[in-house]
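Read the structure below first, then the notes.
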Amino acid sequence: MVSTGLLLIGAGGHGRAVLETLRDSGWPDPVGVLDDDPASAGLPGIPRLGPLAMAGALRGQGIGAAHVALGDNARRRALGDWLLGLGFALPVVRHPSAVVAGTACLGAGCVVMPRVVLGAAARVGSHVILNTGCIVEHDALLADAVHVAPGAVLGGGVRVGAAALIGLGCAIRPGVTVGAGAVVGVGAAVVGDVADGMRVAGVPAVPLR
Ligand SMILES: CC(C)(COP(=O)(O)OP(=O)(O)OC[C@H]1O[C@@H](n2cnc3c(N)ncnc32)[C@H](O)[C@@H]1OP(=O)(O)O)[C@@H](O)C(=O)NCCC(=O)NCCS
């Protein structure tokens, strides 16, 4: 069987952003998009093939690669792992304007949006979103399904646990650890460790009530 073409999962706002990044990066257009929401508008110029449950059949028809373009971290991870189990490749989607150090590494299914900077020896897990213009400095360690939102800045050696959301425009002091499933609010200045599942915001960041 010849494996060819890329299947997108998710026809919402993040899906539209990923589609632009694919096109800017010179990928052929995805062969189609799957989305469980019948009310979603779809993606411009991309055939809407049906609900997510069709992924297995499409793999059987020879579609070889997929990308999960969903903002929900837990769902993106679960679907990404499911697609890997079905035999899809989950390539890294990387905008040509991004600057990725040669010594950095990215896992399966990551997307690197425009003007991201990923520093030396940074290690990024699978299904991670590095969103527009974020900076992840040298030696950072990001677990699976993290989302670093636009404009966030992570200092050297910052560690982020699985499925954490690092909010728009925040800054994280070098060496700090943000736990799994934590949420860092928009514009926060994180100067100390954040426990698993904790939501913090403010300057300096404190736990939200
Ligand atoms: C922190 C956050 C998760 C809180 O969301 P929420 O639980 O819906 O909280 P609410 O909006 O109900 O606000 C609760 C309180 O926290 C305050 N608050 C919320 N976000 C805050 C922030 N980023 N900084 C400072 N205070 C904040 C609110 O003013 C409110 O204060 P009050 O009780 O004194 O009125 C959310 O505001 C946030 O920043 N999310 C990140 C979004 C993001 O970056 N997404 C990526 C998109 S690409």
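Atoms within a ligand are numbered from 1 in the order they appear, just like the ligands themselves.
- Heavy atoms only, all atoms of each residue included: A120 and T103 are closest at CA-OG1, 3.4 Å.
- Checked by atom type, the side-chain pair D144/H127 shows no donor-acceptor distance below 3.5 Å.
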Identify each donor-acceptor pair in which a side-chain atom of residues 32-55 lies under 3.5 Å from a protein atom, sequence neighbours left out, and give them as a table.
from	atom 1	to	atom 2	distance (Å)
D35	OD1	D37	N	2.7
D35	OD2	A11	N	2.7
D36	OD1	L52	N	2.8
D37	OD1	A39	N	2.8
S40	OG	G42	N	3.3
S40	OG	R48	NH1	3.3
R48	NH1	S40	O	2.6
R48	NH2	D37	O	2.5

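- Two residues are said to be in side-chain contact when any heavy atoms from C-beta on lie closer than 4.5 Å; V148 and L154 meet this criterion.
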When you pair each N or O of ligand 1 with protein N or O atoms, which pairs come out under 3.5 Å?
from	atom 1	to	atom 2	distance (Å)
ligand 1	7 (O)	R199	NH1	2.5
ligand 1	7 (O)	R199	NH2	3.3
ligand 1	23 (N)	V186	N	3.2
ligand 1	23 (N)	V186	O	2.9
ligand 1	33 (O)	R209	NH2	3.0
ligand 1	39 (O)	V186	N	2.8
ligand 1	44 (O)	L168	N	2.9

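- Cluster annotation: M198 and V190 are assigned to the same hydrophobic cluster (Ile/Leu/Val/Met/Phe/Trp/Tyr, side-chain heavy-atom contacts under 4.5 Å, transitive).
- Under the 4.5 Å side-chain contact rule for hydrophobic residues, V136 and L168 do not share a cluster.
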